[in-house]
Each structure stands twice: as C-alpha cells, then as structure tokens.
Amino acid sequence: MRAFLLKLIALLALSAPAQAFDTNAQTAWVYDMATGTVLMEKNADQPIPPASMSKLMTTYMLFEAIHEGRVQPDTRLPVSTKARQMGGSTMFLNEQDRPTVDELIKGIIVLSGNDACVVVAEGLAGTEEAFSRQMTEKGKELGLTNSVFANSSGWPDPRHRMTAHDLGILAMHLISDFPELYKNFALTEFPFDNRAPANRFNRNPLLKLGIGADGLKTGHTQEAGYGLVGSAVQDGRRVIFVITGLQSDAARAEEAERIVNWAFRQFTMETLVPAGETVIEAPVWLGTLPKVGLTTKDGANVLVPAGAQDQVKVEAVYNSPIPAPIAKGDQLGQLVVTVPGAKNAVTPLLAAQDVPEAGFMGRMKGAVLRLGSKAIDAVGG
C-alpha cells in the first residue's frame, strides 16, 4: 500500500494544549461516539464487581425481547417470592402484583429495583440462573469480552464481573440498538404506585444539570464503591464514560461532572471529509476511465485535542494504479488520520463510481503506455 499525504484546509487557531485528565476513579473509560475515539482509560480492562451498573445488561435483554416481539410494553409479568424477598433498592413488589414490562423498565432504570430485575429474569428465561447464562452469552455476542453474569441485579457475587470497557460497549449498544427505548434512561422520577416516595428519583447526578446528560446507570456496593455509566450530548457529539470505585455519592457526582466538562472542553470535533465528497482521485490500470474517485461512506470526523490542530496528519493509503474492473463501493484503500496523543483514526476509502475493464484496444494502449513509461525510466534513471 502506498501513502499519499493530503493537503487540508487549516483547522482552528491554536489554543491551550489539551490537559490529561487525572481521575480519582479506580477504573475509568471515556469514549467519543461521533469519532470513535477513546479519550481516556484507566484500568479499563480490569474485571470488577459492577454492582447495579450491570442492570444495563438486564435492560438490554428486556429491550431485545420487546424488539423481537416476545413481550410488549403492556405485557404483565408475575412476581415470585424470590423477587419479593430481594433486598437493597426495590420497587416493593409483592406476589399479588403483576407489573407491566413498561413499569419494570422504569423500575430498573429509575428505581434500580432488584426485585424488578428478578421479575424480568424469571419472566424471560424461567429462572434467574438461566437468565444469567443468557446474559453472559449475549454479552459475548455484543463484544463484552470480560463479562460474566451471576445474577440479574448486580447483587454481590464473586463470579459476577465486568470491566469499565465492557460497560461502555454495552452503553453504546443500548443507545444505538434501541434509540426509542433508550429515552427511558433520561427519566428523573418514577413514583411507582407511591409505594416508596423516598426512592422515586433517578440516582444519576447529571440528569438535572443541563449539560446534555441522558443516561445511563449508577451502581454502589461496599466492595465496588460508587460508580456510574454516563452519557451526554453537546453540539452533536456524544460522550460515554464509565467510572467506578469512588468513595461516596458526592465524589461520584463531582467526578462525573468533571469528566463531562473535560471531554467537551478539551477536544473539538473536526470534519475532515464531508460525507459523499471525493477524497482523492487514484490512477486506474486498464480501465475505461483513467482515474477513480475515492470517497468515504459517512465522511471522516476526527477529535482534536485543543492546541494540536496544526499537527493533524491525513494520508490516503492505497495501491496505485488500481486495476479495473472496479465496482462502486469497493474498498480500495484507507484514510489514515494521525492526531498527537491518540490512536490513528482509520476510515475505509471506497470507489465513487464503476470503472469497467477496458476493451482489447484500450488494454493494448495501456500496455504500450506502461512499456513506454518503463523505457523512459530506464534511459533517464
């Protein structure tokens, strides 16, 4: 593959360099969805007790069941004695209740109901043990490579483990796979049957701050400390973050707000190539056209640390000349963006149009021209 350096229009005027974020969390992962950039990670692949943050997996399983038509939002599920006996945060369900799926979604997300999780697990899989196995299997399908689920609620269990990275991937799936149902994560209150007025508020400390936060889930046990899987959107950019191991509710709230402010203030998103625009024209070998335009599917965006805009390097990498025939949409190379202090961003380069193979005379002409070029090179070398 040959690399061709592209000249780009200057981005922004220089400003103060982006500052590294020194988090107080024991494990952390911060990710920009618009550009696919990991902004910060700390012990992100270390298995940890996820506490109630693992309820996101239970929620994903329930969202998927709705999507597949196995249950509807108004489907009612029975409450077992096991569910009623769950401690910790609950909806205060009893065996006479038949909560709807919609109520259970809100009960899990807003009230962090351990009883609601057991009701969902038993309603979808028969037993919580079977549901936990299904959660682990589904997690592997979603790319959660270091997650094992022993229960549906995050109740302390030495087998029940996730990583900050896996929690972030799961958050992305919830946002992307079920955008309509995801809106439940922004609810700030759910007074279920007025059974527990003091437990009707969402524990996510960011939802009322006006900073674009719309999810996802807090967690706390003595072993895990205080954690949060959060997400916020500002100016078209969505940031997902995971923090765990904080010492108090107040420390969690402070750290979460600091991370959101840092992620949006210390980085700017730049559109290097708009969707559908030709990046470069590459020579074609033995085709009906001498060149083919190379483009991207969705354009190319890059996240640039403040003060590093003049250090961005963009290269189109492809083999030249490209042999015909070429079909529109064929991947012919890569657009590689190098940003200081970050992993290279790689975007596939696709053929912008069809280029059929030339006929006999066209191929003969191409061969003669190529031989002539080699002869000139030999004489002039």
Side-chain angles (χ1 to χ4, degrees), residues 49-144 147-157 159-162 166-167 169-185 187 190 192-193 195 215-217 219 229:
S52 286
M53 293 180 293
S54 68
K55 286 182 171 75
L56 293 177
M57 191 69 216
T58 300
T59 308
Y60 187 94
M61 301 290 282
L62 184 52
F63 284 2
E64 184 177 64
I66 295 172
H67 181 71
E68 293 176 352
R70 288 184 281 130
V71 295
Q72 304 296 328
D74 60 355
T75 300
R76 294 186 177 274
L77 297 179
V79 179
S80 67
T81 299
K82 177 181 179 179
R84 190 258 301 167
Q85 291 177 338
M86 288 298 296
S89 180
T90 75
M91 290 177 67
F92 293 92
L93 297 170
N94 60 58
E95 291 90 338
Q96 286 70 51
D97 288 320
R98 295 296 182 270
T100 67
V101 165
D102 184 63
E103 289 171 333
L104 291 166
I105 289 172
K106 295 176 173 62
I108 293 173
I109 292 173
V110 181
L111 309 183
S112 200
N114 294 323
D115 50 357
C117 290
V118 175
V119 171
V120 168
E122 294 176 341
L124 294 182
T127 66
E128 187 175 21
E129 292 73 22
F131 187 73
S132 299
R133 291 192 294 272
Q134 291 177 10
M135 291 169 71
T136 301
E137 292 169 4
K138 176 58 67 173
K140 287 181 170 58
E141 291 178 21
L142 298 177
L144 314 187
S147 293
V148 177
F149 300 94
N151 56 64
S152 61
S153 64
W155 196 260
D157 187 302
R159 300 167 298 162
H160 195 84
R161 292 292 183 267
M162 297 185 75
D166 282 359
L167 282 162
I169 291 174
L170 180 54
M172 281 192 285
H173 278 290
L174 283 162
I175 292 165
S176 300
D177 297 351
F178 309 107
E180 290 303 314
L181 291 168
Y182 174 73
K183 295 176 182 178
N184 285 283
F185 284 99
L187 295 175
F190 178 52
F192 175 68
D193 201 28
R195 295 190 187 187
L216 294 157
K217 189 73 187 72
V229 181

Side-chain heavy atoms of Thr136 within contact of Met57, under 4.5 Å: no

Heavy-atom donor-acceptor pair, Asp157 side chain to Ala150 backbone, under 3.5 Å: no

Validation row, ring centre Phe131 to ring centre Phe149 under 6.0 Å: no

Heavy-atom pair of closest approach, residues Asn114 and Met86: CB-CE, 3.8 Å

Gap between atom CG of Leu142 and atom CG of Asp177 - 0.5 Å precision: 7.0 Å

Closest contact, heavy atoms only, Pro73 versus Ile66: CD-CG2, 4.4 Å

Test item: Ser132 side-chain N/O and Asn151 main-chain N/O as donor-acceptor pair under 3.5 Å: yes

Nearest non-hydrogen partners of Phe190 and Leu111, listed with the distance: O-CD2, 3.4 Å

Side-chain donor/acceptor of Glu128 to backbone N/O of Ser152, under 3.5 Å: yes

Gap between atom CG of Asp193 and atom CG of Asp97 - 0.5 Å precision: 7.5 Å

Verdict with reasoning, Met162 to Met53, per side chain to side chain contact (heavy atoms under 4.5 Å, CB included): CA-CA 9 Å; Met162 297 185 75; Met53 293 180 293; over 6 Å; no

Lys/Arg-Asp/Glu bridge criterion (N-O < 4.0 Å) met for Lys138, Glu64: yes

Considering all heavy atoms, the nearest Asn94-Arg84 contact: CA-CG, 3.7 Å

Atom of Ala171, atom of Val229 and distance for their closest heavy-atom approach: CB-CG1, 3.9 Å

Side-chain donor or acceptor of Ser153 paired with backbone N/O of Val118 under 3.5 Å: no

Lys217 versus Ser54, side-chain donor and acceptor atoms under 3.5 Å: no

N/O donor-acceptor pair under 3.5 Å between Arg76 side chain and Arg98 backbone: yes

Shortest non-hydrogen contact between Ser52 and Lys55, atoms and distance: OG-NZ, 2.7 Å

Carboxylate-amine/guanidinium contact Glu129 Lys82, below 4.0 Å: yes

Main-chain N/O of Val101 paired to Thr75 side chain as donor or acceptor, under 3.5 Å: no

CZ-CZ distance between Phe192 and Phe92, expressed to the nearest 0.5 angstrom: 11.5 Å

Gap between atom CG of Leu77 and atom CG of Leu124 - 0.5 Å precision: 7.0 Å

Asp115 (side chain) donor-acceptor with Met91 (main chain) under 3.5 angstrom: yes

Point-to-point distance, once rounded to the nearest 0.5 Å, from CG of Leu170 to CD1 of Ile175: 10.0 Å

Student check: side-chain heavy atoms of Ser147 and Arg161 closer than 4.5 Å: no

Pairwise distance CG(Asn184) to CD1(Ile109) - rounded to 0.5 angstrom: 5.0 Å

Flag, side chain of Arg70 to backbone of His67, donor-acceptor distance under 3.5 Å: no

